[in-house]
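Protein chains get the first letters and strands the later ones, always in sequence-line order, with residue 1 at the start of each.
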There are 4 protein chains.
Amino acid sequence: MKKKFTEKQIHILDIAEELIAKKGYEGTSVRDICSKANINVAMISYYFGSKEKMMSYLYQYRVLKTRENFSEFADTIKEGKPEMQMKEIIKYIVAQLFKYNYFHGFVTQELRHTENLKDELMDFYQLFVKKLDEVIKKGVTSGVFTFTPKPEDILTTIIGSTLFVIRNRNFYELYVPSKSEETYFKEAEKKVRMNLLMSVFAILGYAAD
Amino acid sequence: MKKKFTEKQIHILDIAEELIAKKGYEGTSVRDICSKANINVAMISYYFGSKEKMMSYLYQYRVLKTRENFSEFADTIKEGKPEMQMKEIIKYIVAQLFKYNYFHGFVTQELRHTENLKDELMDFYQLFVKKLDEVIKKGVTSGVFTFTPKPEDILTTIIGSTLFVIRNRNFYELYVPSKSEETYFKEAEKKVRMNLLMSVFAILGYAAD
Amino acid sequence: MKKKFTEKQIHILDIAEELIAKKGYEGTSVRDICSKANINVAMISYYFGSKEKMMSYLYQYRVLKTRENFSEFADTIKEGKPEMQMKEIIKYIVAQLFKYNYFHGFVTQELRHTENLKDELMDFYQLFVKKLDEVIKKGVTSGVFTFTPKPEDILTTIIGSTLFVIRNRNFYELYVPSKSEETYFKEAEKKVRMNLLMSVFAILGYAAD
Amino acid sequence: MKKKFTEKQIHILDIAEELIAKKGYEGTSVRDICSKANINVAMISYYFGSKEKMMSYLYQYRVLKTRENFSEFADTIKEGKPEMQMKEIIKYIVAQLFKYNYFHGFVTQELRHTENLKDELMDFYQLFVKKLDEVIKKGVTSGVFTFTPKPEDILTTIIGSTLFVIRNRNFYELYVPSKSEETYFKEAEKKVRMNLLMSVFAILGYAAD
DNA sequence: AATGAATGAGCGTTCATTCAT
DNA sequence: CATGAATGAACGCTCATTCAT
């Protein structure tokens with residue numbers, strides 16, 4: 001992998017990501033970002049060309065890191081039983097979304113500014129689809145799964161449900177025991193993961209015993 | 001229902017909703033809205049007091065209409081077998097989200113501006129939860145459902161999956177036959193509905209035959 | 001005198017005068033005036049043609065009334081000794097300025113909008129100059145006054161000093177016993193009147209004995 | 001004196017002062033000021049934070065300079081006969097008001113926007129009162145003045161008369177020989193100064209010979 | 001390589017006024 | 001005769017960006 005960004009640039013991107021996820025692209029001014037990053041207002045144009053281009057770089061940067069992360073993960077589950085692999089995939093996706101909800105929070109919201117970059121995310125999603133497909137087929141072949149649902153639908157359910165929980169805390173926190181800022185996300189993650197495991201294995205017709 | 005808004009106001013709100021859903025609240029200027037609505041730039045302040053207040057009214061307006069719509073729907077399925085009711089609920093929610101995806105697109109995105117109004121949406125979501133709970137319990141009692149998954153998790157799956165499909169057209173259209181602007185949404189709706197029916201009934205342990 | 005204005009118009013002018021004196025011409029919106037007068041926003045344009053024309057009418061209206069008032073006053077002092085006449089004139093001018101300080105407050109401030117109307121005020125001031133001139137000459141002739149200061153300078157001193165006191169309450173109230181809103185103006189009026197009597201009679205070389 | 005303002009800021013303040021004195025605070029738009037100062041419309045917010053804050057700075061700036069100027073002046077008349085000192089004070093105040101009539105023109109008009117800053121002007125006026133008090137007392141002690149009029153009343157007469165002349169040119173120019181724009185102020189200044197000298201010395205009971 | 005001063009465009013809002021009724 | 005809905009212009013201000021250094 002080429003080292004595309006300097007440390008300073010990464011510093012700016014990190015802060016920009018956080019602010020944009022919180023307040024939206026238009027709701028975040030370059031002054032906000034620069035002031036929080038303790039740099040000159042001109043730096044964003046200087047480093048990235050423009051605010052909009054910065055958005056592209058930010059996007060690329062996050063996809064890049066996420067992709068790296070995924071291929072590391074994929075290695076760790078290479079040799080396992082399909083049901084274990086499926087469980088790990090679900091756990092992994094949910095955990096990633098919770099961890100980088102800043103990013104995933106704005107990916108679909110603010111992508112109007114980086115229309116052409118959506119493909120990269122699509123490519124990435126298809127890595128998941130491909131992996132899910134492998135696991136499903138393997139499970140069916142080995143008899144542990146009964147049905148062959150479409151992998152893109154499985155992925156849709158996993159990501160959609162998780163993002164919904166992250167973005168609608170006001171709703172979901174009514175159903176988790178604790179409501180404190182710190183513990184909500186942990187408990188919500190657990191609850192949605194359990195839900196998804198149940199759902200997905202049900203769809204797969206997993207014969208538990 | 002009290003006639004809260006005049007026709008002209010509704011006209012403005014409709015256009016505002018569309019634009020805000022597409023480009024975000026800050027990304028949509030009052031000039032954008034007024035120019036598309038063929039009215040004077042002063043009209044938004046004139047009718048609603050301010051852009052921000054317009055946002056509140058827009059939100060109230062949509063929640064109001066959605067709530068009305070839902071209670072009409074709820075009546076139509078009052079007397080039915082649980083499995084039919086469940087099927088209708090899923091179909092209804094998916095259809096509503098597709099129909100008003102403009103609104104649902106910005107509800108969670110732009111609600112930072114109308115923080116106190118989130119409760120209204122939460123109240124509304126709980127109508128669904130309550131209804132789902134009824135249906136699940138009735139189905140279990142009558143023996144048609146085997147398991148008793150949490151209704152909030154069912155709702156999460158339904159709304160989350162559907163919104164994901166709506167918002168990630170670039171991804172999902174790879175898996176539907178047609179890609180034209182007009183047909184995509186129809187086919188995507190059908191596909192996600194089928195997926196959800198399968199998932200939900202699987203989780204419920206529905207004994208089909 | 002022709003009845004130029006209807007009661008409604010006078011009602012509007014009274015309120016406009018008060019607000020404009022307090023907050024300035026540009027600082028007072030037609031909405032402010034109309035809302036305080038409980039009339040429609042369109043009425044000022046309807047009755048007077050425009051805000052600026054209303055200003056002219058307001059000006060004319062006040063000069064008219066002041067002029068009437070002055071000729072009544074002039075009658076009451078027609079037959080008196082010069083020193084009594086002078087005393088009464090000073091008392092009258094000071095009292096009028098205090099009473100109509102709303103008006104006099106904006107006459108010089110806001111007259112940029114009614115440039116051509118200044119002449120009317122100038123005409124009016126010259127009534128005073130003429131009267132003062134008469135009194136001075138009579139007093140000198142009768143030997144009660146020693147010097148013949150210019151009447152326009154006497155007037156300048158009287159009006160200038162009085163307006164200064166009215167407009168610089170923060171300064172002058174340091175030197176009057178009471179500071180309450182109600183009593184300040186009464187006491188300030190008395191103090192400035194005493195000062196002016198002393199000054200003017202000193203300039204006239206009035207032999208009190 | 002601390003260098004509080006840059007040259008550019010002072011340039012803006014000078015133009016703002018002139019325009020505001022002429023057309024009032026609300027009557028002067030930031031666009032007016034910037035266009036006359038040949039700068040961008042954003043500069044006033046950029047340099048001063050807002051139009052209103054600019055007004056405060058403008059006020060501080062002028063009071064500061066006036067105060068400095070006065071203390072220089074006070075030094076030059078320290079050692080003199082009371083009648084000479086009084087003459088110089090009158091001459092000084094009149095000259096200052098004519099020179100900075102722009103400023104004095106709006107101080108009392110537009111101070112509603114800077115209510116809390118009035119105190120600074122009041123403090124300043126009291127420097128005059130104190131000085132006048134000294135001179136009067138010294139003159140009475142040395143026998144050159146007969147009466148002891150209140151110094152605040154002397155000041156009121158001086159400032160009030162002068163400002164009246166400045167603000168009512170239409171009236172006063174009827175009594176000065178020349179009416180041209182350039183010469184009016186010079187001649188009016190002379191006339192009002194002579195008037196005030198006569199008045200004040202008369203009140204003091206000055207034994208000329 | 002990096003800055004801070006300065007810019008022009010555009011923001012949401014308020015203004016005095018007009019117009020259809 | 002009077003209204004209230006509606007308008008276009010202008011308001012003060014903030015924006016992302018540029019430019020001279």
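Nucleotide F/dC13 holds its P atom 14 Å from the CE atom of D/Met55, rounded to whole Å. What separates CD of D/Glu7 from C1' of E/dA5 is a distance of 15 Å, to the nearest Å. Atoms NZ (C/Lys8) and P (F/dC1) sit 11 Å apart, rounded to a whole Å.
The closest side-chain heavy-atom distance from D/Ile12 to D/Phe48 is below 4.5 Å.
Remark: side-chain polar atoms of B/Asp14 are not paired, donor with acceptor, to backbone N or O of B/His11 under 3.5 angstrom. Here the side chain of A/Tyr25 pairs no donor or acceptor atom with the backbone of B/Gly27 at under 3.5 angstrom. A donor-acceptor contact shorter than 3.5 Å links the side chain of B/Thr28 to the backbone of B/Leu19.
Listed by chain and number, the residues in a side-chain hydrogen bond (donor to acceptor under 3.5 Å, both in side chains) with D/Lys36 are D/Glu18 (sequence neighbours excluded).
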Intra- and inter-strand pairs of DNA chain F in dot-bracket (Watson-Crick or G-U wobble, both distances under 3.5 Å; | for another strand): .||||||||||||||||||||
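Note: B/Tyr61 OH to B/Glu17 CD = 7.5 Å, rounded to the nearest 0.5 Å. Between the CG atom of C/Leu13 and the OH atom of C/Tyr57 there is a distance of 10.5 Å, given to the nearest 0.5 Å. Once rounded to the nearest 0.5 Å, the distance linking CD1 of A/Ile44 with SG of A/Cys34 reads 4.0 Å.
Residue-level contact check: A/Phe48 touches neither bases nor backbone, having no heavy atom under 4.0 Å from any strand.
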Where protein sits on nucleotides 13-21 of chain E, one letter per nucleotide: B base, S sugar-phosphate only, - none, heavy atoms under 4.0 Å: BBSBBB---
